[in-house]
Amino acid sequence: MATHPTPDAQVLAGRPFPLGAHPEAGGVRFAVASRVAERVELCLVDDEGAERRIELTERTFGVWHGLVPGVTPGQKYGFRVHGPYDPATGLRCNPHKILVDPYARRISGTTTDLDAALGYADDPDGPLSTVDSLGSVPLSVVTSPGGPDTGVKPEIPFEETVVYELHVKGFTAQHPDVPEALRGTYLGLAHPAVIDYLVRLGVTAVELLPVQAFSDEPSLVRDGRHNYWGYSPLGYFAPHAGYASELGREVEEFRTMVAALHAANIEVIVDVVYNHTCEGGPDGPTLSFRGYEATAYYLHDDDGHMADITGCGNTLEASSPTVIRLVTDSLRYWTTELGVDGFRFDLASTMGRPRGGAFDADSALLTAITTDPVLSRCKLVAEPWDATGEGYKVGFFAAQWAEWNGVYRDTVRDFWRGATGVDDLAYRLSGSSDLYDHTLRRPWQSINFVNAHDGFTLRDLVSYDEKHNEANGEDNRDGTNDNRSWNHGVEGETDDADVTALRARQARNLFATLLLSTGTPMFVAGDERWRTQHGNNNAYCLDDPTSWVDWDESPESEQMLAFARRVVFLRANSPALRQPEFFDGRTTPTGRPDLIWLRPDGQEMDEEAWAADECRTLGMWIDGSNSQSRTREGELQADHSWLLLMHAGAEPVEVTLPGAEFGTTFEPVLDTTTSDGAPRSDEPLPAGAVVTLAGRSLLLLEAPRER
């Protein structure tokens, strides 16, 4: 129910910055950017859907602004932009479409009529649509500043960090100790039973899948499906309303969740999607950005056509001042107002490809983030690739960026399935210096992972050779085919005791390798509970038990959980296993180098051994007498020395322990042949002893520090 705009003498000029809706001076100041607009109308919408239009007549620096007296927090609003509609040049202003404020702190509603949201009549390159979208699309909501305290940020040193990737809804949707009304919500994640679980698991940071307001893509809407993961952003400031236990209180509940995690000394890292939006390609809806000034937000080619290097229909233009301002303002808001400690940037390579060109680690957008006085203190993690070959840039980001190390994932998977030798594995175990040492980075900037939200779970990685994504409704065409997995002789679930035992041991091998490698380990919520997605490696649209964490206490899940806890706390209490400096062959107080690679015969690896593709056994000696780990006060932390033995061959192998010059005894600490990792015997082994490693197993031994 729309009304025509009328002049409002009470509207004051206000000012252009900060953008968005801000209560002040007995009203609310609104400011929205569009350099191409000819007129901009603020639309105030009441609970019955009636609309009051107020023309913003002040324009400064391409920002339309005004202060409207009498407006209060809770007011729903949007904007209508009158301006050029010229698909040939990429401009698609259409005042028949009410637009979400790009800076909205809260977003209400969903798209209920996709056709009404389309900015065009029949053809994306044809005339504009005159169908009014009010009542069929989301609206912005004015919010008050502040809210519950978010607590003191833990500021965990990166080298001590263990990242736990989880989905806000999926983590507690089935949790028996969380009240039903709170399951799947921010407050569910803040529940004492959940916090206690995280503390006992030993993780230091939760990495939340997208929690910025998102909207389902047109293809999912038409099929009646839902984007469960949330990689389809609509608002870069608003917490997603679907994770609030009480609609309208998502900001307060998010802040409460952050405070609960901070109180437990756990950091909050948010997965952010500044590479594309939910509006999709030119055939997608006009919900926000497209209707203001499409060419200021989205990448276009020289002919005015939208370009796509994300595989999601559109790409944010990394060189645009409008985008740079939006991204940095958004990140600062989540850091300062919502208490977030760090960010994982989805398809981050797009942010370093101005105008869609070659990757530039010093691009304007990436540099704006790292030079910001607030953001430069956050944990900044890049997913260093996009949907193109040019975008694969593992190891190429600038000094302040940590990266998801996809090379680590592939190498470790290949080693334990017997598909590669040990040459590349050594780099991955020791912090990937080949990728990061030359760019002024530290080993902890390698975010090591074996599994992530996209791809097989840990259990499925050792249970399936092929993806099984039929439930996604895309005829199993979606999801990667490059899984580097192994079903150990049977596809999927089986009652074969030998197969299930081997799978469990391989999962322990993979998990132990991850936590014992130099770098920052990340694992996925539920992997420590033996969670399965039944072979689905792309469950992005399955908001059901397929994707949710299973809290049933089966023997298998309890055993894997006990093992995971053992390894996480072993790492936490062993400074030499998480050093913040690369190994460089430096001489230690014992007279030995800081790192030595060993053959099964106990001798140092030589060129012939490194080059042997059939080599499946590797020993890694870490001398702890000169550990480069430091206390919070900056003092070096000496540690025991460690001997890590890894054997990916099918048959047992005899391994000779190093001689007396390495220490008089070696004490078993971790053994993946047992269900919980406890050594079969804790009797110290003498130097030079011969031990038998079972097929596909890992053994960690400690050489006590010489006093």
>> If you apply the rule side chain to side chain donor-acceptor pair (under 3.5 Å), what do you find for S432 with N405, and how did you get there?
In response: CA-CA 9 Å; S432 294; N405 190 344; 3.0 Å; yes

> What do the steps show when you test W385 against E383 for side chain to side chain donor-acceptor pair (under 3.5 Å), and what is the final call?
Replying inline: CA-CA 6 Å; W385 50 78; E383 182 185 38; 3.0 Å; yes

> Given the rule in the salt bridge (Lys or Arg N to Asp or Glu O under 4.0 Å) test, do R508 and D676 qualify, once you have shown the distances and angles that lead to the verdict?
Replying inline: CA-CA 9 Å; R508 294 192 292 271; D676 64 354; over 6 Å; no

>> Please determine whether side chain to side chain donor-acceptor pair (under 3.5 Å) holds for the pair S627 and D639, giving the CA-CA distance in whole Å, both sets of side-chain angles, and the decisive distance to 0.1 Å.
In response: CA-CA 6 Å; S627 165; D639 191 14; 5.8 Å; no

> Is there a salt bridge (Lys or Arg N to Asp or Glu O under 4.0 Å) between R442 and E159 once you walk through the steps?
Replying inline: CA-CA 9 Å; R442 299 288 191 91; E159 63 267 27; 6.0 Å; no

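Under the side-chain contact (heavy atoms from CB on, under 4.5 Å) criterion, T457 pairs with R459, D460, D527, R531, Q533, sequence neighbours left out. Applying the ring-ring contact (aromatic ring centres under 6.0 Å, His included) rule to F415 yields no partners; only residues at least two apart in sequence or on another chain are considered. Residues that satisfy the salt bridge (charged side-chain N to carboxylate O under 4.0 Å, His left out) test with D386, not counting sequence neighbours, are R353. Legend: residues meeting side-chain contact (heavy atoms from CB on, under 4.5 Å) with A190, ordered by chain and number and at least two apart, are M257, A260.
When atom types are taken as modelled, the side chain of S485 and the backbone of V462 share no donor-acceptor pair closer than 3.5 angstrom. At least one donor-acceptor pair closer than 3.5 Å links the side chain of R441 to the backbone N or O of W401. For R505 (side chain) and G695 (main-chain N/O), a donor-acceptor pair under 3.5 Å exists by modelled atom type. S554 contributes a side-chain N or O that, together with a main-chain N or O of S557, makes up a donor-acceptor pair within less than 3.5 Å. When atom types are taken as modelled, the side chain of T672 and the backbone of N509 share no donor-acceptor pair closer than 3.5 angstrom.
For the atom pair L577 CG and L570 CG, the distance stands at 6.0 Å (nearest 0.5 Å). To the nearest 0.5 angstrom, D414 atom CG is 13.0 Å from W486 atom CH2. To the nearest 0.5 Å, atoms CG (L510) and CG (L514) are separated by 9.0 Å. One distance of note links CD1 of I269 with CD of E165; it measures 10.5 Å at 0.5 Å rounding.
Under the ring-ring contact (aromatic ring centres under 6.0 Å, His included) test applied with W334, the options F343, Y236, F254 reduce to a single match, F254.
Residue pairs meeting the side chain to side chain donor-acceptor pair (under 3.5 Å) criterion with at least one partner in residues 179-207, sequence neighbours excluded, are Y197-E528. Residues in residues 265-275 take part in these side chain to side chain donor-acceptor pair (under 3.5 Å) pairs, two or more places apart or across chains: Q212-Y274, Y231-D271, E267-K379, D271-R344, Y274-S330, N275-D346.
Of the N and O atoms on the side chains of W530 and D550, not one donor lies less than 3.5 Å from an acceptor on the other residue. Side chains of R680 and T673: a donor-acceptor N/O pair is present below 3.5 angstrom, by distance only. No side-chain N or O of N537 forms a donor-acceptor pair with one of D454 less than 3.5 Å apart. Under the 3.5 Å distance criterion, with hydrogens and angles disregarded, no donor-acceptor pair is assigned to the side chains of S697 and H647. Between D216 and H226, the side chains place a donor N or O and an acceptor N or O closer than 3.5 Å (distance only, hydrogens not considered). Between the side chains of N448 and S446, at least one donor N or O sits under 3.5 Å from an acceptor N or O. A donor-acceptor contact under 3.5 angstrom links the side chains of W416 and T513, judged on distance only. A donor-acceptor pair shorter than 3.5 Å cannot be found between the side chains of K467 and N538. In the model, S517 has a side-chain atom that pairs as donor or acceptor with a side-chain atom of Y408 under 3.5 Å. Side-chain contact of E253 with S245: a donor-acceptor pair under 3.5 Å is present, judged by distance alone.
Shown here for P210 and W229, the closest heavy-atom pair between the two residues is CD-O, 3.4 Å. A pairwise comparison of heavy atoms in R616 and T420 identifies NH1-O, 3.0 Å as the closest pair. Scanning all heavy atoms of the two residues, the minimum distance from L347 to T350 falls at O-OG1, 3.0 Å. Nearest heavy atoms, K393 versus S349: CB-OG, 4.0 Å. The minimum heavy-atom distance between L189 and I195, with the atom names listed, is O-CD1, 3.6 Å. Across every non-hydrogen atom of V524 and N451, the tightest pair is CG2-O, 3.3 Å.
Ring centers of F171 and W551: under 6.0 Å apart, within the cut-off. Here the two rings, on Y164 and F523, have centers that are under 6.0 Å apart.
The number of heavy-atom neighbours closer than 6.0 Å to OH of Y427, taken from other residues, nucleotides and ligands shown, is 12 or below. Within 6.0 Å of CG in D495 there are 12 or fewer heavy atoms belonging to other residues, nucleotides or ligands. By the neighbour-count criterion of 12 heavy atoms within 6.0 Å, atom CD of E466 is sparsely surrounded, having that number or fewer from other residues, nucleotides or ligands.
Between T532 and T546 there is no side-chain heavy-atom pair separated by less than 4.5 Å.
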